[in-house]
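Positions are given from 1 along the sequence. When reading the values below, keep in mind they use all heavy atoms of this one structure, side chains included, and skip hydrogens, waters and symmetry mates. Fair warning: this is a prediction, and the values are worked out from it, not measured in the lab.
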Amino acid sequence: MRVLVTGGAGFIGSHITAALTAHGHVPVVLDALLPSAHPSPPPLPDAEWVQADVRDADAVGAALRGVDAVCHQAAMVGLGKDIADTPAYVSCNDLGTATLLAAMAEAGVRDLVVAGSMVVYGEGRYDCPRHGRTAPGPRSARDLEAGRFEPRCPRCGSELTPGLVTEDAVKDPRNVYAATKLAQEHLAASWARATGGRAVSLRYHNVYGPGMPRDTPYAGVASFFRSSLARGEAPRVFEDGGQRRDFVHVRDVAAANVRALAALREGPSGALRAYNTGSGTPHTVGEMARALALAHGGPAPVVTGEYRLGDVRHITASSERLRTELGWRPEVGFEDGMAEFATAEQRGAAVR
């Protein structure tokens with residue numbers, strides 16, 4: 001199968017490109033090499049290469065010639081610097097996706113895997129001892145300033161018990177990046193209905209592993225901690241370090257993309273199917289920082305009590321649908337993955 005991988009020179013995209021090649025597919029990589037994602041030139045993938053922006057309709061149309069399916073990874077990621085990044089996020093993520101989908105419709109390409117994200121859920125699943133399943137609202141700056149990090153039941157104020165969120169949970173994006181990722185899914189679903197296409201959204205949880213960028217605000221918490229350790233500095237853990245996340249290794253994510261592409265050929269047309277893509281084993285941010293620091297040889301993490309208003313407290317996945325329907329299983333455990341990541345090469349530092 002000939003597969004166009006948008007963003008294929010990026011952290012996740014490059015691993016997907018390698019996995020496709022290993023499974024006998026022919027990847028075609030399209031990447032704009034934007035400075036926010038590639039502050040220094042990355043190693044180019046061992047594949048057919050097109051340097052172009054996914055918002056360039058002519059370039060995308062040319063790249064789609066002879067392609068059987070698309071793996072859409074091109075996106076601006078992370079919380080960014082501040083609200084001034086909003087136009088860039090919407091342009092890269094949503095206009096880029098719309099341009100790609102229009103070109104796919106024109107080219108007659110009908111199979112699509114989208115890089116979704118767990119951020120579409122907002123906070124994860126919570127249960128109140130009195131009121132059962134509960135959806136807490138956004139945390140207030142006043143509570144966060146006072147160190148009250150855990151969401152409370154909006155009806156009785158009781159402590160809530162976090163659990164694993166499923167794909168059918170209500171979507172509640174709480175920052176600009178999250179809103180654009182949900183819009184990508186809506187656009188892909190509309191494309192599938194209009195063209196009879198088949199689409200999968202893999203809702204990645206916290207992806208980490210070799211090749212993550214360093215020293216950039218457009219990255220995940222694992223990258224922040226690893227960058228600090230590379231500079232000989234202690235990782236700075238926000239809040240109290242008790243935030244629960246699902247850390248999934250990038251090679252497992254790449255394998256999920258290969259599985260999803262194969263499954264599309266047998267799936268129903270005219271619809272989008274979403275799959276959580278996580279390890280299924282929650283860990284706290286503090287645990288992750290300690291594991292990285294220990295494997296790297298220090299220094300030990302520092303818990304700062306700082307916060308970012310757009311962050312959620314707990315979000316962990318049930319990936320049972322992906323396991324059951326596509327037969328995917330994560331292979332890299334938390335301890336082994338963090339030990340590898342602690343000394344793995346990172347991508348070039350951002351320009352300061």
Side-chain angles (χ1 to χ4, degrees), residues 1-8 12-13 16-17 19-20 23-30 54-55 57 59-75 93-118 120-121 166-171 180-204 253-278 317-329:
M1 186 161 51
R2 187 173 168 87
V3 182
L4 178 64
V5 184
T6 70
I12 298 175
I16 292 171
T17 299
L20 287 168
H23 282 80
H25 301 297
V26 179
V28 179
V29 170
L30 184 144
V54 75
R55 293 166 288 187
V60 172
L64 283 168
R65 291 176 190 146
V67 162
D68 302 298
V70 173
C71 192
H72 182 34
Q73 306 297 309
N93 298 356
D94 297 338
L95 176 59
T97 298
T99 303
L100 171 67
L101 294 171
M104 289 177 65
E106 178 70 20
V109 179
R110 294 292 182 262
D111 288 342
L112 172 67
V113 176
V114 176
S117 176
M118 53 80 177
V120 301
Y121 299 116
T166 64
E167 291 84 353
D168 296 327
V170 174
K171 312 306 176 289
T180 65
K181 296 306 289 184
L182 184 56
Q184 282 186 310
E185 288 195 1
H186 288 318
L187 290 167
S190 296
W191 163 84
R193 287 193 295 271
T195 66
R198 296 175 288 253
V200 161
S201 176
L202 296 176
R203 291 176 181 158
Y204 302 158
V253 168
N257 276 268
V258 175
R259 289 267 187 173
L261 284 165
L264 279 171
R265 293 304 173 99
E266 301 175 0
S269 61
L272 177 142
R273 184 73 164 160
Y275 295 93
N276 288 336
T277 308
S318 168
S319 297
E320 188 59 31
R321 177 185 289 182
L322 183 57
R323 293 169 182 248
T324 300
E325 295 187 8
L326 302 191
W328 173 84
R329 294 287 186 279

>> Less than 4.5 Å apart, side chain to side chain, heavy atoms only: is that true for Y121 and E167?
In response: yes
>> Nearest 0.5 angstrom please: T180 OG1 to L95 CG, how far?
In response: 12.0 Å
>> Restricting to non-hydrogen atoms, name the atom on V60 and the atom on A103 that form the minimum distance, rounded to 0.1 Å.
In response: CG1-CB, 3.7 Å
> Donor-acceptor pair, R273 side chain versus R198 backbone, under 3.5 Å?
Replying inline: no
> Closest heavy-atom contact between A19 and A254?
Replying inline: CB-CB, 4.0 Å
>> So for atom CZ, which belongs to R65, do other residues, nucleotides or ligands contribute more than 12 heavy atoms lying within a distance under 6.0 Å?
In response: no
> Any sub-3.5 Å donor-acceptor pair from R329's side-chain atoms to R323's backbone N or O?
Replying inline: yes
> side-chain contact (heavy atoms from CB on, under 4.5 Å) between M1 and L20: does it pass, once the steps are laid out?
Replying inline: CA-CA 9 Å; M1 186 161 51; L20 287 168; 5.9 Å; no
> Got a sec: does the CD of E106 have more than 12 other heavy atoms crowding it under 6.0 Å?
Replying inline: no
> Side chains of E320 and N276: donor-acceptor distance under 3.5 Å anywhere?
Replying inline: no
> Taking it one step at a time, do V70 and D111 satisfy side-chain contact (heavy atoms from CB on, under 4.5 Å)?
Replying inline: CA-CA 6 Å; V70 173; D111 288 342; over 6 Å; no
> Is the closest side-chain heavy-atom distance between L101 and L187 below 4.5 Å?
Replying inline: yes
> Taking side chain as C-beta onward, heavy atoms only, is L4 less than 4.5 Å from L30?
Replying inline: yes
> Once you round to the nearest 0.5 Å, how far does OG1 of T99 lie from CE of M104?
Replying inline: 13.0 Å
> Are any of the side-chain heavy atoms of R203 and T277 separated by less than 4.5 Å?
Replying inline: no
> Nearest heavy-atom pair of W328 and S319: which atoms, and what distance?
Replying inline: CZ3-CB, 4.2 Å
> Do you know which two heavy atoms are closest between A260 and V200, and how far apart they sit?
Replying inline: CB-CG1, 4.0 Å
> Can K181 and D94 be said to form a salt bridge (Lys or Arg N to Asp or Glu O under 4.0 Å), step by step?
Replying inline: CA-CA 8 Å; K181 296 306 289 184; D94 297 338; over 6 Å; no
> Do the side chains of T166 and R321 get nearer than 4.5 Å, heavy atoms only?
Replying inline: no
>> Can a side-chain donor-acceptor contact be found between E185 and S201 if the only test is distance below 3.5 angstrom?
In response: yes
> How close do A188 and A199 get, heavy atom to heavy atom, and via which atoms?
Replying inline: O-CB, 4.5 Å
>> Working to the nearest 0.5 angstrom, can you tell me the gap between L261 CG and H23 NE2?
In response: 11.0 Å
> Between V5 and P27, what is the shortest heavy-atom contact and its length?
Replying inline: CG2-CB, 4.4 Å
> At what distance, to the nearest 0.5 angstrom, does CZ of R259 lie from CD of E325?
Replying inline: 13.5 Å
> What is the distance from atom OG1 of T17 to atom CD1 of I12, rounded to the nearest 0.5 Å?
Replying inline: 11.5 Å
> Taking atom CG of L202 and atom OG of S117, what is their separation to the nearest 0.5 Å?
Replying inline: 11.5 Å
>> Quick check against the 3.5 Å criterion: does T6 have a side-chain atom that pairs as donor or acceptor with the backbone of A74?
In response: yes
> When you check the side-chain N and O atoms of Y204 and Q73, is any donor under 3.5 Å from an acceptor?
Replying inline: yes
